[in-house]
Protein chains: 2
Amino acid sequence: MAKVSFKEQVLRAREDAIVASVNRLLAEKGYDIMTVDEVAADVGIAKASLYKHFSSKEELAGAAMVRVLQRAQAFMETLPADAPAVDQLKAVARWTMQVQLAGEMPSLPAQNSALRSSLMANKPYLDRLMDVSDQLGEWIVAAQQAGDLNPALPSEVVLYTLFARACDPVLGLLKVSGQHSDERIIEMLMSTCFDGLAGRTPAAQTSSTKSGS
Amino acid sequence: MAKVSFKEQVLRAREDAIVASVNRLLAEKGYDIMTVDEVAADVGIAKASLYKHFSSKEELAGAAMVRVLQRAQAFMETLPADAPAVDQLKAVARWTMQVQLAGEMPSLPAQNSALRSSLMANKPYLDRLMDVSDQLGEWIVAAQQAGDLNPALPSEVVLYTLFARACDPVLGLLKVSGQHSDERIIEMLMSTCFDGLAGRTPAAQTSSTKSGS
DNA sequence: GTCTATAAATCGATAGAC
DNA sequence: GTCTATCGATTTATAGAC
């Protein structure tokens with residue numbers, strides 16, 4: 001059994017607080033606008049102290065991404081293993097939208113090459129990304145074989161689309177418009193995601209059940 | 001009749017060149033990473049000269065957005081006025097994806113508040129955005145009445161979704177993967193956009209028609 | 001209007017005392 | 001490990017000569 005000293009627990013807790021702040025600021029402002037001074041002020045420590053825990057701004061972003069992937073993994077483990085694959089995918093999609101509406105989905109720019117290469121060298125991040133992608137990939141293939149997802153789409157395309165919906169700007173636009181409840185926003189975007197703008201539900205089979213919530 | 005001096009024509013041409021450069025750099029790197037020095041170097045003039053034409057970086061971005069909205073308007077005017085509304089919408093969606101794959105779709109961060117307030121004070125931009133939105137809005141309502149778009153979706157939701165697909169990161173991800181031609185990428189994303197990941201085409205169940213095409 | 005040169009401000013990262 | 005203070009680099013924007 002690993003012994004964990006009290007000091008180490010405190011250190012852990014502080015780093016958790018740092019990563020939680022980074023996560024929130026990334027969701028609120030995005031990577032390029034977020035400053036390290038801001039993070040330090042939000043946590044309530046000096047910037048130099050921050051750099052004792054994380055050696056660069058890019059590492060802070062990586063830690064926040066690892067955190068959200070961990071949360072996704074934890075959520076996926078709560079799903080009943082015997083449910084139809086398409087329901088697992090819908091549950092994950094709904095969860096990512098809830099996280100985003102709660103202001104807790106960190107968003108990184110798609111084009112910052114320095115940040116991207118840093119992430120591509122971040123093994124904890126890559127490992128978890130692979131795990132999540134593999135699990136989703138299995139569900140995608142199974143759902144296609146069951147006829148619940150369009151089998152003409154490469155699974156890669158479905159995977160990328162689900163990731164993209166996790167940070168879809170439409171969510172934020174609809175939220176600030178203030179005309180719909182969070183629940184309605186999510187149901188509408190679930191509809192456009194799985195049934196498209198044309199929106200014919202394949203009425204015969206899954207008239208889709210809302211699967212609780 | 002407005003007289004246009006030769007000097008004015010040259011000035012116009014230079015400003016066009018500037019905005020074209022900004023447009024390309026915004027598509028390639030995004031607003032935050034793009035620097036004014038880069039723009040000046042790309043155009044081939046000194047930075048101070050650039051500021052004689054546009055008084056800030058934000059104005060440069062606004063001019064690029066006006067340019068792409070003008071291109072969209074020009075494209076929409078080439079569409080046959082008597083075609084079904086859903087076909088007009090699909091044509092516009094396909095066009096935006098082509099522009100993005102060509103590396104000519106400027107992308108602004110969704111969260112840079114300084115930039116956003118600058119755009120909200122940019123009348124030429126707002127005017128053109130309204131014009132494009134109004135035309136799309138008409139088509140959306142018509143397509144919903146014709147039963148070609150899900151009438152349960154507020155037209156606002158459809159409009160936002162179409163705008164979001166114009167800068168969907170999935171396009172770029174699939175392009176760099178290099179596994180599909182540009183045409184196939186666009187057809188797949190058109191499918192996920194209008195028919196969803198489930199992908200049942202409406203043809204089977206509605207008694208009607210596909211309305212030509 | 002175009003240039004060179006520089007001001008003014010911001011931000012990531014570090015030094016060094018405690 | 002935490003702090004204050006500061007460096008060094010980058011970037012937006014402008015001065016002033018031509």
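Just so it is clear: chains get the letters A, B, ... in the order the sequence lines come, proteins before strands, and each one is counted from 1.
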**Request:** Under 4.0 Å from any atom of DNA chain C, heavy atoms only: list the residues of residues 47-62 of chain B that qualify, in numerical order.
**Result:** B:A48, B:S49, B:K52, B:H53
**Under 3.5 Å: donor-acceptor pair, side chain of A:S117, backbone of A:S113** = yes
**Check: B:I45 main-chain N/O paired with B:S49 side-chain donor or acceptor under 3.5 Å** = no
**Prompt:** Would you say the side chain of A:L174 lies within less than 4.5 Å of the side chain of B:E156, judging by non-hydrogen atoms?
**Reply:** yes
**Message:** Does the Lys NZ or Arg CZ of B:K57 fall within the cation-pi geometry relative to B:Y51 - under 6.0 Å from the ring centre and within 45° of the axis?
**Reply:** no
**Asked** Is it true that A:R94 and A:D87 make a salt bridge, defined as a side-chain N closer than 4.0 Å to a carboxylate O?
**Response** no
**Prompt:** Is the closest basic N to carboxylate O distance between A:D16 and A:R67 below 4.0 Å?
**Reply:** no
**For A:T192 against A:L197, the heavy-atom pair lying closest together** = CG2-CD2, 4.0 Å
**Request:** Please list, in 5' to 3' order, the outermost nucleotides of DNA chain C lying under 4.0 Å from any heavy atom of chain B.
**Result:** C:dG1 to C:dT4
**Asked** To the nearest Å, how far apart are A:N112 CG and D:dT10 C1'?
**Response** 14 Å
**Item:** Short side-chain donor-acceptor distance under 3.5 Å, B:N150 and A:D195
**Value:** no
